[in-house]
Amino acid sequence: MSRRKKIYEGKAKILFEGPEPGTLIQYFKDDTTAFDATKKAILEGKGVVNNQISGFIMQNLNAIGVPTHYIKTMNMREQLVREVEIIPLEVICRNVAAGSISKRLGIEEGTPLPRSIVEFCYKNDALHDPMVAEEHITAFNWASTQEIDDIMALTLRVNDYLFGLFGGVGIKLIDFKIEFGRLYEGDMVRTVIADEISPDSCRLWDMQTNEKLDKDRFRRDLGNVTEAYVEVARRLGILKQAAGGESMH
Ligand code: 5GP
């Protein structure tokens with residue numbers, strides 16, 4: 001591992017050169033950050049659980065024809081992915097008000113939204129990922145009109161899939177954030193889902209109790225963060241045993 005070339009290190013993941021051109025190894029760290037990395041911790045086992053959850057979701061998305069960068073899971077912390085050019089947007093899809101929309105628009109957390117709402121933020125920590133309109137995205141050439149159309153359609157398909165997946169195991173999908181990349185294949189370019197889909201990037205509430213099973217446990221100092229992620233994985237049937245501590249129930 002030490003001889004591999006590191007391509008990029010982010011807050012929660014590292015990208016290494018892959019075994020073949022056009023591939024990368026995505027390594028999931030235990031590091032957790034919030035509020036533009038002003039709050040940090042290492043949560044033992046978090047990377048292992050997120051690798052499993054994200055791999056499972058991406059594989060299923062590929063299977064239903066939603067293209068992602070995911071190729072296969074290599075081991076406990078690593079997956080093989082296609083190298084893409086990241087589109088500098090955080091795409092947020094919301095079903096229920098929580099977090100920044102509650103603050104911004106004064107809607108009580110937990111209020112169902114009249115329909116799913118997709119928002120775009122410019123991916124820039126120094127600027128605190130400001131929300132932007134399609135006008136900004138096309139004017140500054142972050143993405144084309146065609147790409148925005150693809151992103152909207154794919155995001156809503158991911159929402160439908162995730163809403164059903166989590167709903168089936170007693171979890172309400174409040175919202176999530178996804179990222180997209182450009183996959184170059186010869187002289188063709190395709191918009192695909194990149195990064196990860198995990199409790200780090202989704203709000204997941206227990207359907208019965210509204211207990212939070214996501215990164216808000218870290219952001220809001222609720223404790224048992226990894227345990228909550230393990231509970232999500234256990235319900236999805238992808239972790240037979242708790243990896244980061246005892247089960248929550
Ligand atoms: P909000 O805008 O309410 O803070 O976040 C909406 C959703 O997007 C939440 O599920 C949140 O976890 C996710 N999200 C927003 N920004 C980020 C980010 O920078 N990193 C991660 N991992 N998730 C984010």
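Computed from heavy atoms alone, side chains included, the values below leave out hydrogens, waters and symmetry copies. Heads up: numbering here begins at 1 and tracks the sequence.
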According to a 4.5 Å side-chain heavy-atom criterion applied to Ile, Leu, Val, Met, Phe, Trp and Tyr, with indirect links allowed, do Val169 and Val230 form part of one hydrophobic cluster? yes

One pair to check against side-chain contact (heavy atoms from CB on, under 4.5 Å): Glu119 and Arg104. What are the steps and the verdict? CA-CA 13 Å; Glu119 298 173 344; Arg104 202 177 339 115; 3.4 Å; yes

Please say yes or no: joined through hydrophobic side-chain contacts below 4.5 Å, possibly via intermediate residues, are Val84 and Met58 part of one cluster? no

Using links of under 4.5 Å between side-chain heavy atoms of ILVMFWY residues, direct or through other members, which residues join Val96 in one cluster? Ile174, Trp205

Keeping Lys11 on the side-chain end and Lys40 on the backbone end, is there a donor-acceptor pair under 3.5 Å? no

Partners passing side chain to side chain contact (heavy atoms under 4.5 Å, CB included) against Arg220 (at least two apart in sequence or in another chain): Glu109, Arg203, Lys212, Asp216, Leu222

I need the full list of salt bridge (charged side-chain N to carboxylate O under 4.0 Å, His left out) pairs touching residues 145-165, with sequence neighbours left out, sorted by first then second residue. Glu147-Arg182

Check the pair Thr226 / Glu44 against side-chain contact (heavy atoms from CB on, under 4.5 Å), numbers first and verdict last. CA-CA 7 Å; Thr226 309; Glu44 204 181 319; over 6 Å; no

Any chance you could pull the hydrophobic cluster mates of Tyr184, using side-chain heavy atoms under 4.5 angstrom and chaining through other members? Val189

Do Phe166 and Ile57 touch side chain to side chain, with heavy atoms closer than 4.5 Å? yes

Heavy-atom side-chain proximity of Ser201 to Phe176 below 4.5 angstrom: no

Between Asn51 (side chain only) and Met76 (backbone N and O only), is there a donor and an acceptor less than 3.5 Å apart? yes

Residues in side chain to side chain contact (heavy atoms under 4.5 Å, CB included) contact with Arg82, at least two apart in sequence or another chain: Ile71, Leu183

Identify the heavy atoms of Gly55 and Thr73 that sit nearest to each other, and give their distance. CA-OG1, 4.3 Å

Run the side chain to side chain contact (heavy atoms under 4.5 Å, CB included) test against Lys72 and tell me which residues pass, sequence neighbours left out. Met74, Leu80

Here the gap from Ile25 atom CD1 to Glu83 atom CD, rounded to the nearest 0.5 Å, amounts to 12.0 Å

Would you say Asn95's side chain and Leu173's backbone share a donor-acceptor pair under 3.5 angstrom? yes

Cluster link Leu89 to Val158, ILVMFWY, side chain under 4.5 Å: yes

Salt-bridge present (Asp30, Arg77; N to O < 4.0 Å): yes

Nearest 0.5 Å, what's the NZ-CG distance between Lys215 and Leu204? 13.0 Å

Is Lys39 positioned over the aromatic face of Phe218, cation under 6.0 angstrom from the ring centre and no more than 45 degrees off axis? yes

Atom pair CD (Glu231) and CG (Leu239), whose distance is rounded to the nearest 0.5 Å: 10.5 Å

Check: Leu154 and Pro67 side chains under 4.5 Å, non-hydrogen atoms: yes

Test side-chain hydrogen bond (donor to acceptor under 3.5 Å, both in side chains) applied to Lys6 - qualifying residues, sequence neighbours left out: Glu9

Leu162 side, atom CG; Leu61 side, atom CG - distance, nearest 0.5 Å: 6.5 Å

Connected via hydrophobic side-chain network under 4.5 Å: Ile87 and Val192: no

Should Arg94 and Ser102 be marked as a side-chain hydrogen bond (donor to acceptor under 3.5 Å, both in side chains) after you check the CA-CA gap, both sets of side-chain angles, and the distance that decides it? CA-CA 11 Å; Arg94 304 178 185 274; Ser102 290; over 6 Å; no

Shared-cluster residues of Ile7, by chain and number - hydrophobic side chains joined below 4.5 Å: Tyr8, Leu15, Leu24, Val81

Where is the tightest heavy-atom contact between Asp206 and Thr209, given as atom of each residue plus distance? OD2-N, 2.9 Å

Does Phe163 CZ have over 12 foreign heavy atoms under 6.0 Å away? no

Tell me whether Glu135 at atom CD has more than 12 heavy atoms from other residues, nucleotides or ligands lying less than 6.0 Å away. no

Would you please name every residue forming a side chain to side chain contact (heavy atoms under 4.5 Å, CB included) with Tyr122, sequence neighbours left out? Pro88, Asn124, Leu127, Pro130, Val132, Trp142

Which atom of Leu156 lies closest to which atom of Ser116, heavy atoms considered: CD2-CB, 4.4 Å

Can you list every salt bridge (charged side-chain N to carboxylate O under 4.0 Å, His left out) pair that touches residues 12-21, not counting sequence neighbours? Lys13-Asp195, Lys13-Glu196

Distance check, rounded to the nearest 0.5 Å: Arg217 atom CZ versus Leu43 atom CG? 12.0 Å

Which residues share a salt bridge (charged side-chain N to carboxylate O under 4.0 Å, His left out) with Glu134, sequence neighbours left out: none

Out of Asn159, Ile92, Ile151, Ile197, which one pairs with Ile178 under the side chain to side chain contact (heavy atoms under 4.5 Å, CB included) rule? Ile197

Whether the side chain of Arg235 engages the backbone of Gly170 through a donor-acceptor N/O pair (distance < 3.5 Å, no angle test) should be reported. yes

At their closest point, which heavy atom of Tyr229 faces which heavy atom of Asp214, and how far apart are they? CE1-C, 3.7 Å

State yes or no: do Ile137 and Ile86 share one hydrophobic cluster built from I, L, V, M, F, W and Y residues joined by side-chain heavy-atom distances below 4.5 Å, directly or via other members? no

Is the backbone N or O of Asp31 less than 3.5 Å from a side-chain atom of Lys46, with the two atoms forming a donor-acceptor pair by type? yes

Could you tell me which non-hydrogen atom of Val91 sits nearest to which non-hydrogen atom of Thr155, and how far apart they are? CG1-OG1, 3.5 Å

Verdict with supporting geometry, His136 and Met131, side-chain contact (heavy atoms from CB on, under 4.5 Å): CA-CA 10 Å; His136 303 101; Met131 198 161 125; over 6 Å; no

With sequence neighbours excluded, what pairs up with Lys123 under the salt bridge (charged side-chain N to carboxylate O under 4.0 Å, His left out) test? Glu179

